[in-house]
**Student:** 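Quick one: the structure is below, questions incoming.
First the proteins, then the strands, lettered A, B, ... as listed; each starts at 1. All values reported here derive from a predicted model rather than from experimental measurement.
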Protein chains: 2
Amino acid sequence: MNKFDFSDKLKMCGLKSTKHRIVILDILEKSNQPIAAEQVFQIMRDKDIVVNLSTVYRALDTLCEKKLVIKLNIYGDSRALFEFNRMLHTHHLICLNCKKIIVIDRCPLEEYEKTLAKETDYLIEGHKLVVYGYCPQCREKQLKKGLV
Amino acid sequence: MNKFDFSDKLKMCGLKSTKHRIVILDILEKSNQPIAAEQVFQIMRDKDIVVNLSTVYRALDTLCEKKLVIKLNIYGDSRALFEFNRMLHTHHLICLNCKKIIVIDRCPLEEYEKTLAKETDYLIEGHKLVVYGYCPQCREKQLKKGLV
DNA sequence: TTGGATGCAAAAGTTTTGCACGGTT
DNA sequence: AACCGTGCAAAACTTTTGCATCCAA
């Protein structure tokens, strides 16, 4: 997706198309895993884009409101993480050692949601599933140390 | 579970049995939903227990390490929440309106974990599932307002 | 007695806010 | 021109830490 698409996307949501917002969408879209506001800020700095951290927070907040971006709160990280909303229903597999996050795009929970709705009389809007484990690389390292 | 049990539990984990820790376990055990450190602190204050907030944080941290307590990071709350570990594998159903949290104790994901392990070569340690929706009470209120 | 637990104060880290100014529509 | 977005600084909020003291084992 290129910058013109981002610009259109923003306008379609009733937002002004600003350079910062486009760059932020671009950064998140290119990231293969969710990142924190501070990291977005640093990447912008690295690109020699002068921006204030509060602007990054405000932009992320606005983009989340418009569902262009998804905000995550993950165990073990006190910061919120943000990812580009690819309009796919995804889940996350997180390595407990290196904190790498893999996005998984298969969901086994459609039926479960229906059952749950019946049982609880809730109107179910969605869910978040996070799976924790150790990635192959970290498993190997820990095997060598005799830790696992 | 009474206070003697908590004392034993702490000792079995290699922790000293202190008044504060016992009270904190008691508060969490009695709470029907996960609560923040600040709330634990306030409940202690209400019980006329003089305690420092940093002690609450340290105690919760220690109890989590020993798996007596579970720490949660939930979307929409920048604070961590803590719940008594009932040694059941549970999930959470959260009302997007009133933020009420229901603990659900049926898990549809055993098979899924196995499949995922095979596919990714991760050593899966566990998962967290949070379902979002609107509770019957909030649905009714919103219906009246014509919002849903 | 000894090491771990606590209180206190201070710092660190994350996120939000008020206000003046600037840019998009 | 109007309104929304941004920079800056400050504050708010959550969590952690250093150190002296206290308490459970």
**Student:** Run A/Leu109 and B/Leu109 through side-chain contact (heavy atoms from CB on, under 4.5 Å) and show every step you take.
**Tutor:** CA-CA 8 Å; A/Leu109 293 167; B/Leu109 292 168; 3.9 Å; yes
**Student:** To check you understand the geometry: which heavy-atom pair defines the closest contact between B/Gln39 and B/Arg79, and what is its length?
**Tutor:**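 Of all heavy-atom pairs spanning B/Gln39 and B/Arg79, the closest is OE1-NH2, 4.0 Å.
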**Student:** Are A/Arg21 and D/dG5 close enough that a side-chain N or O sits under 4.0 Å from OP1 or OP2?
**Tutor:** yes
**Student:** Looking at B/Lys9 and B/Asp5, does any basic side-chain N land under 4.0 Å from a carboxylate oxygen?
**Tutor:**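 Salt bridge between B/Lys9 and B/Asp5, a charged N being under 4.0 Å from a carboxylate O: no.
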**Student:** Expressed as a whole number of angstroms, how long is the span from B/Met12:CE to D/dA25:P?
**Tutor:** 14 Å
**Student:** Within the pair B/Thr55 and C/dG7, is there a side-chain N or O less than 4.0 Å away from OP1 or OP2?
**Tutor:** yes
**Student:** Can you tell me how far P of D/dT6 sits from CG of A/Asp61, to the nearest Å?
**Tutor:** 13 Å
**Student:** B/Phe82 has an atom CZ; how far is it from atom C1' of D/dT15, in whole Å?
**Tutor:**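 Rounded to the whole Å, the gap is 9 Å.
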**Student:** When the nearest nucleotide of DNA chain D is assigned to B/Ala37 and to A/Ala59 on a heavy-atom basis, which residue is associated with the more 5' position?
**Tutor:**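 Its nucleotide being nearer the 5' end, the pick is A/Ala59.
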**Student:** Does A/Ser54 make a side-chain N or O approach to OP1 or OP2 of C/dT15 shorter than 4.0 Å?
**Tutor:** no
**Student:** Distance check: side-chain N/O of A/Tyr57 vs OP1/OP2 of C/dT15, anything under 4.0 Å?
**Tutor:** yes
**Student:** Once you round it to whole Å, what is the distance between P of D/dT14 and CD of B/Gln39?
**Tutor:** 10 Å
**Student:** For B/Asn73 and C/dT14, give me the distance from atom CG to atom P, rounded to whole Å.
**Tutor:** 13 Å
**Student:** Where each residue is assigned the nucleotide of DNA chain C containing its nearest heavy atom, which of B/Gly14 and A/Lys71 is assigned the position nearer the 5′ end?
**Tutor:**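 Between the two, 5'-proximity favours B/Gly14.
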**Student:** If I take atom CD in residue A/Glu65 and atom P in nucleotide D/dG5, what distance separates them, rounded to the nearest angstrom?
**Tutor:** 10 Å
**Student:** In this structure, how many angstroms lie between the P atom of C/dT15 and the CG atom of B/Asp77, rounded?
**Tutor:**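 So the CG-P distance, B/Asp77 to C/dT15, works out to 12 Å.
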**Student:** Counting distance alone, no hydrogens or angles: does the base of D/dG18 have a donor or acceptor under 3.5 Å from a partner atom on the side chain of B/Arg58?
**Tutor:**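 Present.
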**Student:** Just by modelled atom types, is the B/Asp121 backbone N or O under 3.5 Å from a matching donor or acceptor in the A/Arg139 side chain?
**Tutor:** yes
**Student:** Once you apply a heavy-atom cut-off of 4.0 Å, does B/Ala80 come out as touching a base, just sugar-phosphate, or nothing?
**Tutor:** sugar-phosphate
**Student:** When you check the phosphate oxygens OP1 and OP2 of C/dG23, does a side-chain N or O of A/His20 lie under 4.0 Å from one of them?
**Tutor:**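 Looking at the OP1 and OP2 atoms of C/dG23, neither is under 4.0 Å from any side-chain N or O of A/His20.
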**Student:** Under 4.0 Å, heavy atoms only, any strand: does A/Thr62 hit a base, just the sugar-phosphate, or nothing?
**Tutor:**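 No contact.
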**Student:** Within this structure, what is the CD1-to-P distance between A/Ile22 and C/dG23, rounded to whole angstrom?
**Tutor:** 15 Å
**Student:** Within this structure, what is the OH-SG distance for the pair A/Tyr134 and A/Cys95, rounded to the nearest 0.5 Å?
**Tutor:**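 A/Tyr134 atom OH to A/Cys95 atom SG measures 7.5 Å (nearest 0.5 Å).
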**Student:** Of the nucleotides D/dG5, C/dG4, D/dT15, which one has an atom closest to the side chain of B/Lys16?
**Tutor:** C/dG4
**Student:** Counting any heavy atom closer than 4.0 Å, what does A/Lys11 reach on the DNA or RNA strands: base, sugar-phosphate only, or nothing?
**Tutor:** sugar-phosphate
